[in-house]
**Student:** 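Here it is: the structure, laid out below.
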Amino acid sequence: MSACVPARADSARTKHVHPPHSPPPGGPRRFRVAGADVSAAIAVFLIALPLSLGIALATGAPLQAGLVAAAVGGIVAGRIGGCPLQVSGPAAGLTVVTADLIQQYGWRTTCAITVLAGIAQLGLGCLRVARTALAVSPAIVHGMLAGIGVTIAVAQLHIVLGGTPQSSVPDNLVALPAQLANLHPADVAVSVLTLTLLLLWPRLPGRAGDILGKLPAALIAVGGATAVAALTGLRLPKVDLPSWSSHALASLPDGPVLGLVSAVLTTTLVCSVQSLLGAVAVDKLVAARPALTGRVKRSDLDRELLGQGAANIVSGSLGGLPIAGVAVRSSANVAAGAVSRNSTMLHGVLVVIAALLMVPALELIPLASLAALVMAVGLKMVSLNHIRTVTRHREVLVYAVTTCGVVFLGVLEGVALGIAVAVGVALHRLTRTRITHDDIEGVHHVHVRGQLTFLAVPRLSRVLHQVPHGADAVVELDGSFMDHAAYETLQDWQKTHTAQGGSVDITGRRPGTRISEPAEVDGCRCRPWTPWRNHQCERPSKAPASGTDRRSTAGEPTGESRGTTTGQNTSGTSRESGESGESGVPVPYGATGATGATDQPPGHELARGINAFHRNTTPLMRRELARLAREGQQPSQLFLTCADSRVVTSMITSSGPGDLFVVRNVGNFVPLPGEESGDDSVAAAIEYAVDVLKVRSITVCGHSGCGAMQALLGADPGGARTPLQRWLRHGLPSLERVPADAAEDGRERPRLAGRAPADAAERLCLANVVQQLEHLRAHESVARALGAGDLELQGMYFHVGEAQSYLLSEDPEGGVFELVRETNLTA
């Protein structure tokens, strides 16, 4: 039989079966919703239902439009959008814009404008310009929201009092006295009850408050007011939901073209900016959430624009309000533990069910209760935290102008005014430069604070010429920018002043602000902070004048005149210290020659470093160090770390003089009380820091590549007892904590979040940090401060090669070192 003939005629139709010892293949995958998403969807639904009706009431749109927008925002934006946990729907920030559109063009045209705005958002999403929207100053955004909040609150106040709001804030303020004189007690009573429940419900005390507080305050406030109004038989306007068969849909836009274009652009701008900023805020909330049951991806802002655009197209086509990301619902969704976009979509499905099946219950809600709820939301949009933030960053003028512009002119006009003022403030800061001149002990200090541009050149030239001829001068540049005109002015003055016998030292806080090269110190051109880069200053290579003449062109003695050579090349000629060999590699200062001698006097490296400190750092630090000298040291932390030269405590903690009380030793050990064997230095430092300096925290910091840990792993128990070996015995408890064979003993090892330890030395280093924290608790002063709640202990691991820091998070499994990420940088 031919080898090409198959053994079985029906082999082509042989069915593939699973191996005999493997489980049978599963059936088709079923759609599953996590329990956390279900509970989060219910919580968001209970918040969204009353707010959607209230926002529709505030805009003057049909109340059903709010439910349509909430459902579409949940389902469409939730499914397509790029921020999985952001909840979209009718937003309070769109209330003023929508109300103006309805009053000017009518409801059907407003729906068409919503559709066109959605198409514009789709275009922006396809162009991938979402990040550009974040360039708008936060002061403008916060001012816009505050102005919208004021407009909402003033308008809804009339409904709370039983009246009808006017079309603008000035008109509402003018009509307010007459409304107060003619208020309706039933509406006021229901509104007060709603506000009271809204304010007090989250503050219920005790265990009952913890349980009941999980119910949304908005739902309780509206539900309680509705129940009281129904039981007491109060006669007041209530929600009126007409039949869905008569629901108004979008029609072709009718109005002036320029007006419609402006309306579309305004709606697009407000919807997009609010949604994108909301997505960024949701990312921060998710990152700060203490425990995640599932991993949530970061927002894709361009996709979020596409989702918002699609949702606005569908909402406008179905007769719904404009849609944007809503902060209140999104934060509730994150806080409720949602892990995927399923929670957002399910909340939209629940809104659809409520809109179809709960119409009789919804029609019992008093309009005054909804107005009170929306008024409270509007007042919350005027955030004191935002005001403090913009004040701290000196942008309160931009915030105030934007707010007033939105309140009295409109959203688009207010935002345009805010942008104009923001640009003006930025230009003012760019041109506002403070230049001062002080004579301190015969040295003339010229301090330039701000950006040096051609506009500041006249003042700079005037102040520089106040420095007497032949005097010593220091020019301190405290800014990050200098244009060519300012550079030439400083350079020309420096040359002239130096030629007249004076000296000039130009220093700057930012790199790149030095006008000329610093004076060489024995050929060294060090900059601040070069020593911690393991810097070795090198003499510039000097080519000999001829094949035999090796004299220094700068008049320095050569290696022959110093009597020191570093070796010989292949041709037999000597190579002097500090000169290039045939390889062209300069020899560092302080290098040892063949005779073992050095070409520099003792302490040369130290003296050069001190000189660089005096020249570059002292002018910047003198005042701060003088204050510390007067006030004494008041550190907030005791930082106990290894003596390794690569661990620079002030650099990795961004600390300055007076912030850290640092104790360093080989292996960052904390000997147990009674085991110091005559060396009480660590215990004395701990007692002094806790009892005298009153530090608030103690940090034990290990690091990668620790020589002490490597020595512990390779220690010979029977070897000679040198001082180093006697000291390393304090690490034996750490070594016992991580057996060399890494056998499983049922106990979790200290570990890094996201990856396993690279080797045994790193595993031992992590265990050593945990072990030394236990030793710390055994010290009497530490135990006493911990018991009083005045002290906290922290573990830290610094990976030198990655320049990454990990903080220990204590847990029952033995501790996890988590990577420190950039969060809440403004705090």
Side-chain angles (χ1 to χ4, degrees), residues 527-535 606 609-610 612-613 616-618 620-621 624-625 627-629 631-671 681-690 692-710 727 730-731 734 750 752 761-762 765-766 768-773 775-776 779 782 791-809 817-822 825:
R527 295 293 193 273
W529 288 108
T530 50
W532 63 257
R533 289 161 49 192
N534 201 22
H535 178 71
L606 178 63
I610 294 174
F613 170 78
N616 299 317
T617 310
T618 296
L620 307 178
M621 293 298 301
E624 179 65 14
L625 291 176
R627 181 188 67 80
L628 292 173
E631 300 176 358
Q633 64 169 332
Q634 299 175 356
S636 60
Q637 302 180 56
L638 166 60
F639 201 88
L640 201 153
T641 188
C642 186
D644 194 293
S645 61
R646 298 167 297 177
V647 180
V648 184
T649 57
S650 59
M651 180 178 67
I652 64 178
T653 60
S654 298
S655 304
D659 292 338
L660 300 179
F661 186 73
V662 182
V663 175
R664 306 182 74 135
N665 61 53
V666 175
N668 49 273
F669 294 142
V670 180
S681 61
V682 177
I686 294 171
E687 180 181 347
Y688 182 74
V690 175
V692 179
L693 298 179
K694 305 294 183 184
V695 296
R696 297 189 297 274
S697 70
I698 301 179
T699 301
V700 176
C701 176
H703 67 93
S704 62
C706 182
M709 300 300 106
Q710 296 170 355
W727 172 254
H730 297 302
S734 303
L752 295 174
E762 187 172 57
C765 184
L766 300 177
N768 182 58
V769 172
V770 177
Q771 186 67 37
Q772 303 313 314
L773 288 174
H775 289 184
L776 267 174
H779 285 259
V782 175
L791 184 68
E792 64 175 357
L793 303 183
Q794 300 175 112
M796 178 176 168
Y797 175 73
F798 178 66
H799 196 290
V800 178
E802 296 176 355
Q804 296 281 7
S805 296
Y806 299 79
L807 286 180
L808 175 63
S809 173
F817 288 81
E818 297 180 349
L819 181 63
V820 178
R821 302 185 183 277
E822 296 180 4
L825 297 179

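Start at 1 with the first residue, then count along the sequence.
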**Student:** Indicate the atoms forming the closest heavy-atom contact of G795 with V769, along with that distance.
**Tutor:** CA-CG1, 3.7 Å
**Student:** According to ring-ring contact (aromatic ring centres under 6.0 Å, His included), who are the partners of F613, at least two apart in sequence or on a separate chain?
**Tutor:**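 Checked F613 against ring-ring contact (aromatic ring centres under 6.0 Å, His included); zero matches.
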**Student:** Which atoms form the tightest heavy-atom contact between V682 and F669, and what is the distance?
**Tutor:** CG1-O, 4.0 Å
**Student:** Which pairs, with at least one residue in residues 694-707 and sequence neighbours excluded, count as a salt bridge (charged side-chain N to carboxylate O under 4.0 Å, His left out)?
**Tutor:**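 Residue pairs with at least one partner in residues 694-707: there are none.
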**Student:** What heavy-atom pair brings A708 and G667 nearest, and what distance separates the two atoms?
**Tutor:**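 In this case the closest contact between A708 and G667 is CB-CA, 3.6 Å.
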**Student:** Test side chain to side chain contact (heavy atoms under 4.5 Å, CB included) on Y797 and L766 and set out the steps.
**Tutor:** CA-CA 7 Å; Y797 175 73; L766 300 177; 3.6 Å; yes
**Student:** Output, in order, the C-alpha distance, side-chain angles, deciding distance and verdict of side chain to side chain contact (heavy atoms under 4.5 Å, CB included) for L625 and T618.
**Tutor:** CA-CA 9 Å; L625 291 176; T618 296; over 6 Å; no
**Student:** Going by the rule salt bridge (charged side-chain N to carboxylate O under 4.0 Å, His left out), which residues pair with E631 if we only count those two or more places apart in sequence or in a different chain?
**Tutor:**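 Scan of E631 (salt bridge (charged side-chain N to carboxylate O under 4.0 Å, His left out), adjacent residues dropped) gives R627.
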**Student:** Could you work out, with salt bridge (charged side-chain N to carboxylate O under 4.0 Å, His left out) as the rule, every residue matching E687, not counting sequence neighbours?
**Tutor:**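 Per chain and number, E687 pairs via salt bridge (charged side-chain N to carboxylate O under 4.0 Å, His left out) with no residue.
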**Student:** Name the atoms and distances for all side-chain donor-acceptor pairs under 3.5 Å in residues 697-705, with sequence neighbours left out.
**Tutor:**
from	atom 1	to	atom 2	distance (Å)
T699	OG1	Q794	NE2	3.2
S704	OG	V800	N	2.8

**Student:** As a test of understanding, state which of L638, V670, L791, L773 forms a side-chain contact (heavy atoms from CB on, under 4.5 Å) with V782.
**Tutor:**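 With V782 as partner, side-chain contact (heavy atoms from CB on, under 4.5 Å) holds for just one option, L791.
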**Student:** Side-chain polar contacts of residues 651-660 - donor-acceptor pairs under 3.5 angstrom, sequence neighbours left out - could you list them?
**Tutor:**
from	atom 1	to	atom 2	distance (Å)
T653	OG1	T649	O	2.6
T653	OG1	S655	OG	2.7
S655	OG	T653	O	3.4
D659	OD2	G656	N	2.7

**Student:** Which value, rounded to the nearest 0.5 Å, describes the distance between D644 atom CG and R664 atom CZ?
**Tutor:** 7.5 Å
**Student:** Work out which heavy atom in M709 is nearest to a heavy atom in A761; give both atom names and the distance.
**Tutor:**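 Closest approach of M709 to A761, heavy atoms only: CB-O, 4.1 Å.
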**Student:** Are side-chain heavy atoms of S650 and F639 found at a separation under 4.5 Å?
**Tutor:**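 SC-SC contact between S650 and F639 ruled out.
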**Student:** Let me confirm one number: the CG-CD distance from L752 to Q804, rounded to the nearest 0.5 Å.
**Tutor:** 11.0 Å
**Student:** Any side-chain heavy atom of F798 within less than 4.5 Å of one from T641?
**Tutor:**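 No, every pair of side-chain atoms sits at 4.5 Å or beyond.
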**Student:** Please report the closest heavy-atom contact between H799 and E762, naming both atoms and the distance.
**Tutor:** CD2-OE2, 3.6 Å
